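What you see is a predicted model; the values in this text were computed from it and never measured. Just so you know, ligand 1 is whichever comes first in the structure, and atom 1 is the first atom listed for that ligand.
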Amino acid sequence: MPYNLPATRVLMNSLRQVMAEDGETRSRLDQVVHLIASTMVADVCSIYHREADGTLLLIATEGLKPEAVNKTRMGSSEGLVGYVARTAEPIAIEDAPRHPAFSYRPETGEDPFHAFLGVPILRTGGVIGVLVVQNRTERVYRDEEVETLQTIAMVLAEIVHRISEDQSSAQPDRRARGQNGGNLRGRIFCEGLGYGRAVLHDPVVPAARFFAADQKQEALRLEQGLKDLRASIDRMMLIDGAALGEDPRDVMEAYRLLAHDTSWAEKLQEGVRSGLSAEASVDRARREHRAKLQAARDPYLRERLHDLEDLDNRLLRVLGGEESKPQITGESSVLVARRLGPAELLEYAKLGLKGILMEEAAASSHAAIVARALSIPAIGGIEGLTTLIEQDDYVIVDAEQGQAHIRPDDAVYDAYKSRVALRSERQAVYASLRGLPAQTKDGKTVSLMLNAGLDLDLDMMDQAGADGVGLFRTEFQFLVSETLPRLEDQIALYRRVLDRAAGRPVIFRTLDLGGDKVLPILNQLREENPALGWRSIRFALDHKGLFRRQLRALVRAAGEGALTVMFPMVTTPEEFREARALLEEEVAWTLKRTGQKPSKLEIGVMLETPALAFALPDLAGEVDFLSVGTNDLLQFFFAADRMTPSVSDRYALISPSALRFLRMVAETCQTAGIRLSVCGEATATPLAAFCFAAFGYTSLSMSASSIGPVKQALRSIDLAGFRRGLDQALNEPNDAFRNQVLRIALEHGADIPDA
Ligand code: PEP
Ligand code: MG
């Protein structure tokens with residue numbers, strides 16, 4: 001099989017013609033295998049299609065017996081073809097029958113063929129088929145030949161994909177693809193309902209743009225694209241360089257090195273030389289990186305592959321300019337992304353979105369909180385999302401039940417419509433409560449506060465009728481910007497927050513970085529157990545320059561007004577005292593410099609580690625208030641990682657152990673004279689709110705969408721009666737404890753929709 005570049009180009013030109021023709025898909029495939037076999041001087045060229053059940057069906061061949069087409073089917077792990085599909089890697093073998101994975105199929109008549117070269121046909125992150133050439137003689141396929149076949153496989157992917165499309169439309173009941181007849185399950189990131197057309201976050205290269213009209217020109221375009229990409233990454237490093245201080249810059253540096261990697265660039269140029277457009281060549285690399293990522297288990301390798309895929313996407317954006325940006329039309333777009341940074345999400349959100357679907361659950365937690373800040377229905381942790389959803393597919397985002405319906409049929413759509421109607425009726429009821437206090441039937445008033453982190457959330461403060469901000473996550477400003485926010489930027493944000501609150505209390509939580517909130521430019525270390533690691537107040541106290549700057553910004557923003565600050569994830573009294581001393585030093589420093597100091601300074605501590613609960617008596621007189629961060633507290637209490645879906649929902653706040661613990665914390669604080677509040681997501685349900693209020697927590701902070709339902713519920717209950725019943729239940733809990741508590745609540749007047 002002599003190989004040369006001109007031959008590849010001739011082949012690409014012929015393929016381009018076949019692609020451009022209208023005609024029956026299968027007859028075009030026959031033309032394609034014929035073309036490949038003759039140009040590559042192979043005795044056989046075959047295409048296998050990966051069916052819905054994972055088997056690989058021979059759908060076209062030149063050289064094997066024609067009767068085998070649509071009959072010969074390999075199991076997903078059978079033979080060399082199965083091997084290629086499973087590993088998503090090419091395989092070139094001199095003498096296939098001697099290979100341990102070889103599986104002989106007499107009906108194909110493949111006895112005389114020895115040399116075997118198979119490459120995966122990759123599309124949107126998955127293997128959709130396998131392209132094979134075989135030769136009678138034993139021979140070694142050269143690297144360039146493997147490359148060529150991979151390039152061809154990429155071009156072929158669109159035609160092969162159409163086979164599954166044709167099959168799906170021939171069977172109406174399979175029109176909606178995916179598990180459960182078109183439903184994909186995930187974790188609710190922001191509750192709500194939305195419907196619209198899918199807009200893929202990662203740039204899509206249309207098949208029509210696969211080929212370059214002028215290769216020389218295209219090679220120059222790619223070269224320029226690579227230069228621009230590298231320059232932009234170098235610039236990022238330069239801007240942040242000063243801020244990185246003494247920390248080694250491994251993470252960013254590794255990313256930069258990848259961008260400068262000559263083998264990556266060479267591979268891309270190779271694609272262009274063989275006739276692909278610059279975009280198609282990058283797309284080919286991206287498909288390979290994704291397929292490898294799907295197969296990789298090693299976390300380090302996965303991260304590198306993610307970085308590579310990020311670079312592919314960045315380069316596609318550089319090459320495509322404005323055109324490569326997803327077209328968001330506002331009234332009906334659902335954003336579909338594998339991974340999404342909070343800053344990117346903010347960009348999209350400006351254009352308007354009806355919903356967000358994400359593949360990665362863990363890496364996207366910041367995006368999830370941004371989604372909540374913007375009240376966009378969002379579901380994350382949907383496995384295989386981007387292989388199952390296509391650009392422009394209609395999608396329902398049911399972030400009330402954690403499901404996405406792809407291309408819903410009429411019945412599903414009608415059901416969705418009636419749920420939307422019901423939801424807006426409820427919203428109208430909540431809106432009517434806006435100006436009223438969250439006062440229980442027996443006259444106990446609880447403050448309902450907002451969890452926020454961006455100025456965008458603050459719009460919600462009035463809409464939801466919040467009494468103030470119970471948790472302002474200051475690290476968000478850091479997470480959504482590419483460089484470290486300067487002192488002035490921080491002061492400006494805190495001032496905006498205080499202005500918007502217009503006298504209502506605002507609790508600023510100091511930087512809570514680490515764990516799932518990683519800032520690449522700060523080079524937080526890779527850790528075995530990030531949730532238990534170098535994070536939060538531990539990280540802040542070890543980065544005093546950064547921490548002091550933030551404290552200074554807070555004091556400066558308050559001017560002569562009130563300032564309320566709390567420290568996250570404090571485990572020992574010493575940590576609290578050290579942080580408090582730094583804050584007091586900044587107050588003194590600011591007074592000296594500006595002549596101003598806060599009229600009232602309140603300092604609180606978050607209860608997120610069980611250990612602190614037993615240290616509270618030692619902090620009497622030093623701490624003004626305590627805020628329970630149930631998100632972290634429950635993960636430590638039950639030893640269940642909040643970022644791991646298989647365990648994160650396994651344990652509940654409404655359980656005898658957690659409630660007894662929270663009751664004990666309340667009693668300790670009442671004795672020590674420490675004010676009590678809660679700010680984790682677990683407060684957001686009416687039943688949990690009853691329990692906290694009953695124990696004496698006077699302020700509950702939650703996301704905007706929960707304030708209405710919680711207020712409505714609190715206004716309906718006789719809290720003292722509920723407390724008596726709850727104490728009794730905690731003495732004698734039964735197995736269905738949640739139902740037991742729910743019954744008590746209902747007996748005492750609770751009005752809870754969907755209870
Ligand atoms: C918590 O842990 O409950 C909390 C409010 O903090 P975060 O979710 O930001 O970790
Ligand atoms: Mg926390």
(request) Check whether the ring centres of Y348 and H201 lie less than 6.0 Å apart, and answer yes or no. (result)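 Yes; H201 has its ring centre under 6.0 Å from that of Y348.
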
Report, in ascending order of atom number, the atoms of ligand 1 lying under 4.0 Å from any heavy atom of [X].
{"X": "L471", "value": "5 (C)"}
{"X": "C679", "value": "5 (C)"}
{"X": "D632", "value": "1 (C), 2 (O), 3 (O), 10 (O)"}
{"X": "G680", "value": "3 (O)"}
{"X": "E608", "value": "1 (C), 2 (O), 4 (C), 6 (O)"}
{"X": "R642", "value": "2 (O), 7 (P), 8 (O), 10 (O)"}

(request) Sequence neighbours left out, what passes side-chain contact (heavy atoms from CB on, under 4.5 Å) with T564? Give chain and number order. (result)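 If we apply the side-chain contact (heavy atoms from CB on, under 4.5 Å) test to T564, skipping adjacent residues, the hits are I507, E602, F625.
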
Got [X] and [Y] here, is their nearest side-chain heavy-atom distance under 4.5 Å?
{"X": "I356", "Y": "V336", "answer": "no"}
{"X": "L601", "Y": "I603", "answer": "yes"}
{"X": "L582", "Y": "R548", "answer": "yes"}
{"X": "M460", "Y": "S375", "answer": "yes"}
{"X": "V565", "Y": "V555", "answer": "no"}

Got a salt bridge between [X] and [Y], using NZ or NE/NH1/NH2 to carboxylate O under 4.0 Å?
{"X": "R504", "Y": "D462", "answer": "yes"}
{"X": "D751", "Y": "R715", "answer": "no"}
{"X": "K544", "Y": "E578", "answer": "yes"}

(request) Specify side chain, backbone, both or neither for D512, according to which of its non-hydrogen atoms lie closer than 4.0 Å to ligand 1. (result)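 Looking at D512 and ligand 1, just side chain atoms fall under 4.0 Å.
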
(message) Please work out, at 4.0 Å between heavy atoms, whether the side chain, the backbone, both, or neither of M702 comes within that distance of ligand 1.
(response)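 Near ligand 1, M702 shows nothing, with every heavy atom at 4.0 Å or more.
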
(request) Using non-hydrogen atoms of the residue, decide whether M569 is closer than 4.0 angstrom to ligand 1. (result) no

(request) Give every protein N, O or S atom lying under 2.8 Å from the Mg ion (ligand 2), naming each by residue and atom. (result) E608 OE2, D632 OD2

(message) Is a donor from one side chain sitting under 3.5 angstrom from an acceptor on the other, for Q463 and Y430?
(response) no

Answer yes or no: does an N/O atom from [X] fall short of 3.5 Å to an N/O atom of ligand 1?
{"X": "R535", "result": "no"}
{"X": "E475", "result": "no"}
{"X": "E681", "result": "no"}

(message) Working to the nearest 0.5 angstrom, can you tell me the gap between L532 CG and Q635 CD?
(response)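 These two atoms lie 7.0 Å from each other.
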
